[in-house]
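To start, the structure itself, in structure tokens.
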Amino acid sequence: MRAVQLFAVVAALSLTLTPSPALAQPPAPIEDELVIQTPVSAFIVEAMLKEFSAHAKERWGVTLRTRALRAGTPVSYERIVSWKGQPEADIFWGGEPALFHSLADQKLLARLELPPDVWDAIPASIGTPRPIPLKDVNRSWVGTALEVYGVAYSPRLLRKLGVPEPREWDAVLHPKLKGMVAQCTPPRSSSSHATYEVILQSRGEAEGWEWLKRLAANTGVFVPSSRDVPTVVAKGEYAVGFGVPSYFVFEEKLAGFDIKFTAPKGAFVTPEPFAVLAGARHPRAAREFLAFLLSEHGQRLFMERGLYPVMPRYKVHGPPGSTIEMGVQLTGGIRSFFEPPVTNVYDDDVARARFREVNERFHRDIETAWNDLKRR
């Protein structure tokens, strides 16, 4: 009897001390997959994912599989809404903050988890007299890098046409640029949409739409995406590209094309917002990718691709002749968007409230009337 009791005690202790299979292996710090929905160029995204994958392997021993679903910001937004909280991606990254606010209102974004020192290092906004938000007070999204939308142009073609290099918005309305302007439609591109808002908010509704119709009269092509705008300019097919992200132009410059960029006064600066989607299948990998982008290493990688840090403590400096210094030259010598603060007229609340309205009016007054406008 005593032997039986002793066996029972030993067996109970063995069950208590032997870890179950679930407890034997601690969960991996991150999942082994990461999927991004983004309008950001492969020039940026692939470089960041490659570096983050190497980081994941070194730090956690995880072989990370990555995938980028690429589409313009408005198209990406509609895709995320259609998923209804069961997303096929983990992250929405890049574009105009107004759409991120809208997704947060629909409870389609998860609350971000960042260390307090990292979150506090990013200012709430940038720009005067209208501040551009750099993060959401409810932590549904946060900026990752700063980038300006402006005008791309071919110096060779402008010389041939006898047109001065543009410095202000009105330069794209020069009569000799008839049919020589390329742009993307606002419903397909957040950079086009934001730049349309800059024109409308700085000039008022009536004058702003009339200005945009004059721009359409000079436009020779509406390309499928904003990434295509500097491409057709770099190839010499068009002289000027409107509403272009600066780093798209930088990418063409690095490829050896004779192309330049200017950011007229009031040009919109995007913080390239980042959000983790509610219901994401790989939330830990998504959070760690964000932490990587906001690290000194990540911010340096942005600089090497013509973007600017979202934290004031980092300045853009590189060795003479480096790609970092080439990026500084492209944007007219800017080393930080915080010193001095950029001039901004874009009101995020206004843009958010009438996002669809602007796109619908563009379709009605410009896209469907384009042939008549060109005959002006």
Side-chain angles (χ1 to χ4, degrees), residues 28-73 76 87-95 112-114 118 141-147 225-228 230-231 245-257 270-277 280-311 314 316-319 321-328 330:
I30 66 170
E31 302 87 356
D32 63 357
E33 188 173 3
L34 182 64
V35 184
I36 301 175
Q37 180 67 52
T38 182
V40 179
S41 169
F43 175 62
I44 305 294
V45 175
E46 290 178 3
M48 293 299 182
L49 288 177
K50 180 181 178 181
E51 289 288 327
F52 179 62
S53 296
H55 173 74
K57 186 69 173 179
E58 180 180 348
R59 181 170 180 181
W60 300 297
V62 173
T63 301
L64 186 67
R65 293 173 291 132
T66 62
R67 190 157 47 100
L69 309 177
R70 192 162 289 103
T73 309
S76 294
E88 297 176 17
D90 306 301
I91 292 165
F92 182 27
W93 179 28
L112 296 176
E113 298 177 17
L114 281 171
V118 176
W141 65 268
V142 67
T144 55
L146 299 176
E147 169 207 347
S225 74
S226 55
R227 179 62 190 88
D228 298 319
T231 297
S246 60
Y247 76 84
F248 284 165
V249 182
F250 186 56
E251 186 176 354
E252 299 290 352
K253 189 76 174 177
L254 289 180
F257 289 102
T270 177
E272 294 294 10
F274 181 109
V276 177
L277 300 180
R281 298 172 189 173
H282 313 106
R284 298 193 303 276
R287 289 194 297 268
E288 290 296 340
F289 183 54
L290 174 59
F292 175 78
L293 295 180
L294 296 177
S295 68
E296 183 173 359
H297 184 186
Q299 294 292 290
R300 188 77 179 175
L301 288 172
F302 280 124
M303 295 182 212
E304 291 174 356
R305 282 150 184 82
L307 282 81
Y308 285 77
V310 74
M311 302 174 185
Y314 299 127
V316 181
H317 286 285
S322 64
T323 56
I324 290 180
E325 288 301 311
M326 286 177 64
V328 171
L330 185 76

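As the structure is a prediction and not an experimental result, all values here were calculated from the model.
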Problem set entry | Gap between atom CG of Leu294 and atom CZ of Phe289 - 0.5 Å precision | 10.0 Å

Seminar exercise, completed: Closest non-hydrogen atoms of Ala56 and Ile30, given as atom of the first, atom of the second and distance, are CB-CD1, 3.8 Å

For this session: Only pairs at least two apart or in different chains count here, so list each salt bridge (charged side-chain N to carboxylate O under 4.0 Å, His left out) that has a residue in residues 286-309.
Result: Glu113-Arg287

Exercise. With no hydrogens and no angle check, is any side-chain donor or acceptor of Asp90 less than 3.5 Å from a backbone partner on Val276?
Worked result: no

For this session: Could you pull out the closest heavy-atom pair between Ile91 and Ala286, with the gap in Å?
Result: CG1-CB, 3.7 Å

For this session: Taking all heavy atoms of Glu31 and all of Pro283, pick out the closest pair and write down the distance.
Result: OE2-CD, 3.2 Å

Using a 3.5 Å cut-off and no angle test, enumerate the donor-acceptor pairs between side-chain atoms of residues 36-52 and protein atoms at least two apart in sequence or in another chain.
| from | atom 1 | to | atom 2 | distance (Å) |
| --- | --- | --- | --- | --- |
| Gln37 | OE1 | Arg79 | NH1 | 3.2 |
| Gln37 | NE2 | Leu69 | O | 3.2 |
| Gln37 | NE2 | Ser76 | OG | 3.0 |
| Thr38 | OG1 | Val40 | N | 2.9 |
| Thr38 | OG1 | Trp93 | O | 2.7 |
| Ser41 | OG | Phe43 | N | 3.0 |
| Ser41 | OG | Glu251 | OE1 | 3.1 |
| Glu51 | OE1 | His297 | NE2 | 3.4 |

Exercise. Listed by chain and number, what are the side chain to side chain donor-acceptor pair (under 3.5 Å) partners of Tyr247, not counting sequence neighbours?
Worked result: none

Problem set entry | Gap separating the CD atom of Glu147 from the OH atom of Tyr308, nearest 0.5 angstrom | 11.0 Å

Exercise. Just wondering, do Pro271 and Trp141 contact through their side chains at under 4.5 Å, heavy atoms?
Worked result: yes

Seminar exercise, completed: With sequence neighbours left out, the residues meeting ring pair (Phe, Tyr, Trp, His ring centres under 6.0 Å) with His282 are none

For this session: Of all the heavy-atom pairs spanning Pro309 and Val316, show the shortest one and how long it is.
Result: CD-CG2, 3.6 Å

Exercise. For Leu330, what residues pass the side-chain contact (heavy atoms from CB on, under 4.5 Å) criterion, not counting sequence neighbours?
Worked result: Val249, Phe250, Phe261

Problem set entry | Nearest non-hydrogen partners of Ala145 and Leu307, listed with the distance | CB-CD2, 3.8 Å

Problem set entry | Over all atoms of both residues, closest heavy-atom pair of Thr66 and Ser53 | CG2-OG, 3.7 Å

For this session: Start with the C-alpha gap between Ile324 and His317, add the side-chain angles, then the distance that decides, and say whether side-chain contact (heavy atoms from CB on, under 4.5 Å) holds.
Result: CA-CA 7 Å; Ile324 290 180; His317 286 285; 5.8 Å; no

For this session: Step by step, work out the side-chain contact (heavy atoms from CB on, under 4.5 Å) result for Tyr314 and Met303.
Result: CA-CA 10 Å; Tyr314 299 127; Met303 295 182 212; 3.9 Å; yes

Exercise. Do the non-hydrogen side-chain atoms of Phe92 and Thr73 ever get within less than 4.5 Å of each other?
Worked result: yes

Exercise. Any donor and acceptor pair, going by atom type alone, linking the side chain of Gln299 with main-chain N or O of Thr144 inside 3.5 Å?
Worked result: yes

Problem set entry | Donor-acceptor contact below 3.5 Å, side chain Arg65 vs main chain Glu33 | no

Exercise. How far does CG of Leu64 sit from CG of Leu34, to the nearest 0.5 angstrom?
Worked result: 6.0 Å

For this session: State which residues pass side chain to side chain donor-acceptor pair (under 3.5 Å) with Thr231; sequence neighbours excluded, sorted by chain then number.
Result: Arg227, Glu252

